[in-house]
Amino acid sequence: MRIGVLTGGGDCPGLNAVIRAVVRKGEGQYGHNLVGFRHGWRGVIEMETIDLTTANTRGILHRGGTILGSSRTNPYKSDDGVARVLDTLRRERIDALIPIGGEDTLGVANKLAGDGVNLVGVPKTIDNDLSATDFTFGFNTAVQIATDAIDRLHTTAESHDRVMVVEVMGRHAGWIATYAGIAGGGDVILIPEEPFDIAEVCSRLEHRHRRGAGFSIVIVAEGAVPAEGTMVLQSGETDEFGHVRLGGVGTRVAEEIERRTGFETRPTILGHVLRGGTPTAYDRVLATRFGIEAIDAAHEGDFGKMVALRGPEIIRVPLEEGVRELKLVDPKLYDVASVFFG
Ligand code: F6P
């Protein structure tokens with residue numbers, strides 16, 4: 001078989017571990033030919049390929065990003081996008097495709113599966129918001145980086161009696177904020193699922209400071225929205241999947257806290273730092289297991305599936321189930337975090 005592999009959407013620690021696993025078992029044990037498409041769906045549209053071999057995928061397990069490159073190109077956004085995808089797959093004699101991506105990349109995969117393309121999806125996102133899998137790789141790394149940063153910000157918070165506002169990624173779901181907030185001892189955690197009232201945030205901080213705390217740490221997911229719906233700063237730019245570029249709510253929250261409470265407050269936006277660098281051991285293992293399951297499914301002709309983690313097991317679920325809805329933060333988990341607010 002000739003099997004194509006692509007990585008789409010935001011880069012994510014662990015992508016290279018998936019590619020390595022797919023190639024190692026696909027070529028080494030099954031004798032298939034692996035073809036990498038560059039920059040997600042763009043490489044399929046533009047027929048930009050590289051051969052993937054055991055030799056050229058050595059030494060990438062621990063490397064962040066993706067050796068294939070990525071993009072947010074959506075073939076369904078241009079008139080001839082899908083036709084060009086199908087043309088490339090025919091001309092490259094691709095028997096099966098393994099797209100590695102989040103809701104957008106796998107959403108395209110799901111539509112192409114409806115057009116008869118043989119696909120096995122691998123879920124990827126640091127946001128951990130895909131519903132059919134307990135966890136996505138990249139999330140554990142992002143939480144660890146955020147927690148390390150919060151630990152470091154405690155130093156300045158304590159030394160200067162400041163409120164430190166830490167903005168983390170999380171467009172629709174506040175998984176990173178909630179996990180890192182619990183791990184890092186966040187005094188308030190703001191997530192997209194729970195619109196916040198800035199007056200209540202300030203009164204929690206004032207309460208904490210009245211009880212003797214000289215500093216506070218506030219964690220804000222980039223997609224957090226104030227109850228009154230006016231505080232998120234948006235650039236207005238959207239990508240091909242219609243997502244507004246976020247970033248900036250942490251700065252606004254910090255300004256408001258300082259203005260309303262008089263506490264000296266500083267924002268830190270962690271942004272893409274959370275996606276950068278080497279994956280944790282957990283993410284390397286999860287990504288490797290996903291890659292092995294995906295190549296097994298492709299080899300068996302079990303198409304239209306997405307690999308997923310369910311409890312301790314790696315399973316296969318229908319692709320459409322994988323992209324049907326986003327997985328939001330469990331209110332019970334947020335309740336655990338909120339015990340420590342204020
Ligand atoms: O999809 C993962 C993610 O990191 C989100 O948390 C974030 O909102 C988005 O990507 C940022 O995308 P970009 O790198 O294209 O600005």
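Just so it is clear, the structure is predicted and the values come from calculations on it, not from any experiment. Positions are given from 1, in the same order as the sequence printed here. In listed order, ligands and their atoms are each counted from 1.
Each of the atoms 8 (O), 9 (C) of ligand 1 lies under 4.0 Å from some heavy atom of Arg171.
Of the protein's non-hydrogen atoms, the one nearest atom 9 (C) of ligand 1 is Arg72 NH2, 3.5 Å. Atom 3 (C) of ligand 1 has as its closest protein heavy atom Arg275 NH1, 3.5 Å. Considering only non-hydrogen protein atoms, atom 14 (O) of ligand 1 sits nearest to His272 NE2, 2.8 Å.
Hydrophobic clustering, with ILVMFWY side chains joined whenever heavy atoms are under 4.5 angstrom apart, keeps Val317 apart from Phe290.
Within the structure, the closest approach of Gly170 to ligand 1 falls below 4.0 Å when heavy atoms are considered.
Both cation-pi conditions hold for Lys111 and Tyr76: the charged atom is under 6.0 angstrom from the six-membered ring centre and inside a 45 degree cone around its axis.
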Does the pair Phe341 and Tyr334 meet the rule for a ring-ring contact (aromatic ring centres under 6.0 Å, His included), with working shown? CA-CA 11 Å; Phe341 290 178; Tyr334 193 70; 5.7 Å; yes
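For Glu103, the salt bridge (charged side-chain N to carboxylate O under 4.0 Å, His left out) test picks out no residue, with sequence neighbours left out.
Remark: the Glu27 side chain and the Thr54 side chain contain an N/O donor-acceptor pair separated by less than 3.5 Å. Using modelled atom types and a 3.5 Å distance limit, the side chains of Asp296 and Tyr30 yield a donor-acceptor pair.
Remark: ligand 1 and Asp127 share an N or O pair separated by less than 3.5 Å (distance only, no angle test). Polar contact with ligand 1: present for Glu222 (N/O pair, distance under 3.5 Å).
Only the side chain of Ile126 comes within 4.0 Å of ligand 1, counting heavy atoms alone; its backbone N, CA, C and O stay farther away.
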